[in-house]
Number of protein chains: 2
Amino acid sequence: MSAATQTERAGKAIRDLIISGVVLPGERLAEVQLAERLHMSRTPVRSALNTLSHEGLVQALPGRGDAVASFAAADLRHAVELRGLLEGAAARHAAERDLSVFELDQLNRVLKDIDTLFEDSPSEDSAPWKDHVHEYIDLNEEFHRLLVETAQNPVLARLYEQLTKLPFASPSDLVVGYWHLPGSHSKFVAAQQQHWAIVESIATRRGTRAEFLGREHAEITTKALDEMLHGGALARNLMAAVPRRTATAESN
Amino acid sequence: MSAATQTERAGKAIRDLIISGVVLPGERLAEVQLAERLHMSRTPVRSALNTLSHEGLVQALPGRGDAVASFAAADLRHAVELRGLLEGAAARHAAERDLSVFELDQLNRVLKDIDTLFEDSPSEDSAPWKDHVHEYIDLNEEFHRLLVETAQNPVLARLYEQLTKLPFASPSDLVVGYWHLPGSHSKFVAAQQQHWAIVESIATRRGTRAEFLGREHAEITTKALDEMLHGGALARNLMAAVPRRTATAESN
DNA sequence: CATGGCGGTTATGTATACAAAATTGTGCGC
DNA sequence: GCGCACAATTTTGTATACATAACCGCCATG
């Protein structure tokens, strides 16, 4: 039907269960229970849980299966900061190596597309602003992906991928929730200016500037994160480590 | 016998097969074949391969099992540089937070122990120098482990762990091969001075200095790595991506 | 009443049989 | 002789049965 293998289906399904908050942080994930719910055998469930534990979404308990991982607010901030660190390193690597005009064009084109988006809605009150969220997310992710790819550093790319597997560390994870908040428009415009500055630094081979711009770029996300945390706009089901019994039966 | 579960045994065994060069980079790792060799069923082998692919030692081929991962010389350098980046971040975090005297004492004590080692053999010609390798490795690893732990940043710690799972990215992976090369003594002494400088920066809350010292500290390893690469002292079985047929039968 | 062992129960760990997919080899047609 | 399709074989993916270890309540005992 949807995915290729049962294991992939299981991974997606369990991830959704966690992110949507159906299962809460700290809660045990029993194989049989999951297998029943997903209408498959324990084998692919087990395999998926193994993968998810490596990705950090579930915590493996030695000899006692797995539980949903829980994160503190500080963890979110740290993850974003680390993404900035890695993207900064990527920007430096890109700046310090010989990159083709094609690669630079790729980066420029994505940023031009984002510019077009903002020209189309120059303020928060503009009509198309609201509808542009997903276009922006796609383009933003494409830019960050390109940036890491352009560094041509497989080890860095791997580490970056592992970090952004966390459901709040990816470049666009918070965008959808922040887009509609008042004052967000200027933040995204500022972020886009940083995008341009990063590419300019890369094009002119200024590695140090590129690195620090990459790090500073993450600060905007951190700011947005803090606003969302204080305003309660962040309905994250991953954070509160509320212990809850397994409770398959609702008899009480 | 040795380990707790078959899966752990499989993981250890396969890792050894790869690191010792029994199986070469790019070579396919068939489950049945491994299961036979390790005298167990496919299930724990499969589980271990899954884990190893997340650690980066084997590469998962979608739908076609796994193959031994291969690394280029540039990958080794990049891994070391990234370790410096993360240790620098850890040092900064440690410097910028309120750490207890106990934590500082722990760091100081490890460094004092390393000092004792060097006082015991002040030059390469000193008698006990050769025998101190493993003591140094233990203490060095303890220091780097403590440094990351002191940052109190679980996301960073996780990322660091994932990076150092690579068999050449860990702080002491190259030490044993470099120890006996001429001129290494001064390098280790210099590294130890950087250790002290890092702890001093942390103690005096100088985060930026701590971070850059952490990054610079990795440069020594990079230097050592280059020497070993040029001198052929690095008998790594992970690097050459020699394609080889599966060849269970040697009939031809 | 607290505690510690004991057995029932449930969960994970492992083996194996079977299904499906991919690879390889082979033969047919051109 | 070359290429393509098809079948044989191998390999991975999945289900299920069994083994083993962890958990939980109970009862005996101090």
Side-chain angles (χ1 to χ4, degrees), chain A residues 1-15 17 23-24 26-54 57-69 243-252, chain B residues 1-15 17 23-24 26-54 57-69 243-252:
Chain A
M1 295 198 218
S2 45
T5 71
Q6 293 283 73
T7 302
E8 290 172 41
R9 266 189 288 275
K12 244 179 122 52
I14 298 172
R15 187 192 313 276
L17 285 177
V23 292
L24 297 178
E27 193 168 339
R28 285 278 301 274
L29 291 167
E31 293 173 6
V32 277
Q33 171 191 334
L34 285 171
E36 269 179 37
R37 196 205 282 255
L38 306 179
H39 306 291
M40 57 179 71
S41 83
R42 279 177 53 210
T43 310
V45 170
R46 194 180 178 73
S47 179
L49 283 174
N50 192 339
T51 294
L52 288 171
S53 81
H54 284 290
L57 216 66
V58 317
Q59 185 182 5
L61 312 170
R64 311 206 292 125
D66 306 81
V68 181
R244 196 176 79 173
R245 67 195 63 235
T246 330
T248 30
E250 66 284 86
S251 50
N252 48 340
Chain B
M1 291 204 216
S2 46
T5 71
Q6 293 282 73
T7 302
E8 290 172 41
R9 266 189 288 275
K12 244 179 120 53
I14 297 173
R15 180 186 268 98
L17 285 178
V23 290
L24 298 178
E27 193 167 338
R28 289 276 303 274
L29 290 167
E31 293 173 7
V32 278
Q33 170 192 335
L34 284 172
E36 269 179 36
R37 196 204 282 254
L38 305 179
H39 305 290
M40 58 181 70
S41 84
R42 280 175 53 211
T43 310
V45 170
R46 194 181 179 72
S47 179
L49 283 174
N50 193 337
T51 295
L52 288 171
S53 81
H54 284 289
L57 216 68
V58 317
Q59 185 184 5
L61 312 170
R64 312 203 291 124
D66 307 82
V68 181
R244 195 175 82 172
R245 65 194 64 234
T246 330
T248 29
E250 65 285 88
S251 49
N252 48 338

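Throughout, a chain's letter reflects where its sequence line sits, starting with A, and its residues are numbered from 1.
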Quick one: [X] [atom1] to [N] [atom2], roughly how many Å, whole number?
| X | N | atom1 | atom2 | answer |
| --- | --- | --- | --- | --- |
| Asp66(A) | dA11(C) | CG | P | 14 Å |
| Glu36(A) | dT16(D) | CD | C1' | 14 Å |
| Met40(A) | dA19(C) | CE | P | 19 Å |
| Asn50(A) | dG13(D) | CG | C1' | 15 Å |

At 4.0 Å (heavy atoms only), tell me whether [X] reaches a base, stays on the sugar-phosphate, or touches nothing.
| X | value |
| --- | --- |
| Thr7(A) | sugar-phosphate |
| Leu61(A) | nothing |
| Leu49(A) | nothing |

Rounded to the nearest 0.5 Å, what separation is found between the CG atom of Asn50(B) and the CG atom of Leu49(A)? 11.0 Å
Interatomic distance, Leu17(B) atom CG to Leu34(B) atom CG [nearest 0.5 angstrom]: 7.0 Å
Side chain of [X] - closest among [options]:
| X | options | answer |
| --- | --- | --- |
| Pro44(B) | dA15(C), dC18(D), dA15(D) | dA15(C) |
| Arg64(A) | dC23(D), dT12(C), dG13(D) | dC23(D) |
| Gln6(A) | dT14(D), dA22(C), dT14(C) | dT14(D) |
| Val32(A) | dT11(D), dA15(D), dT12(C) | dT12(C) |
| Glu31(B) | dA15(D), dT11(D), dG13(D) | dG13(D) |
| Ser41(B) | dA15(D), dT14(C), dG13(D) | dT14(C) |
| Thr5(A) | dA15(C), dT12(C), dG13(D) | dG13(D) |

Nearest-nucleotide 5' precedence on DNA chain D, Gly63(A) against Gly65(B): Gly65(B)
Between Arg46(B) and Ser47(A), is there a donor-acceptor pair closer than 3.5 Å when you use the side chain of the first and the backbone of the second?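 No, Arg46(B) side chain to Ser47(A) backbone: no donor-acceptor pair under 3.5 Å.
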Ignoring hydrogens and angles, answer whether the base of dG13(D) and the side-chain atoms of Arg42(B) contain a donor-acceptor pair closer than 3.5 Å.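 Pair found.
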Of all heavy-atom pairs between Ala48(B) and Gly11(B), which one has the smallest distance, and what is that distance? CB-N, 3.5 Å
Scan the side chains in residues 37-45 of chain A for donor-acceptor partners under 3.5 Å anywhere in the protein, sequence neighbours excluded, and list what turns up.
| unit_1 | atom_1 | unit_2 | atom_2 | d |
| --- | --- | --- | --- | --- |
| Ser41(A) | OG | Thr43(A) | N | 3.2 |
| Arg42(A) | NE | Glu31(A) | OE1 | 2.9 |
| Arg42(A) | NH2 | Glu31(A) | OE1 | 2.9 |

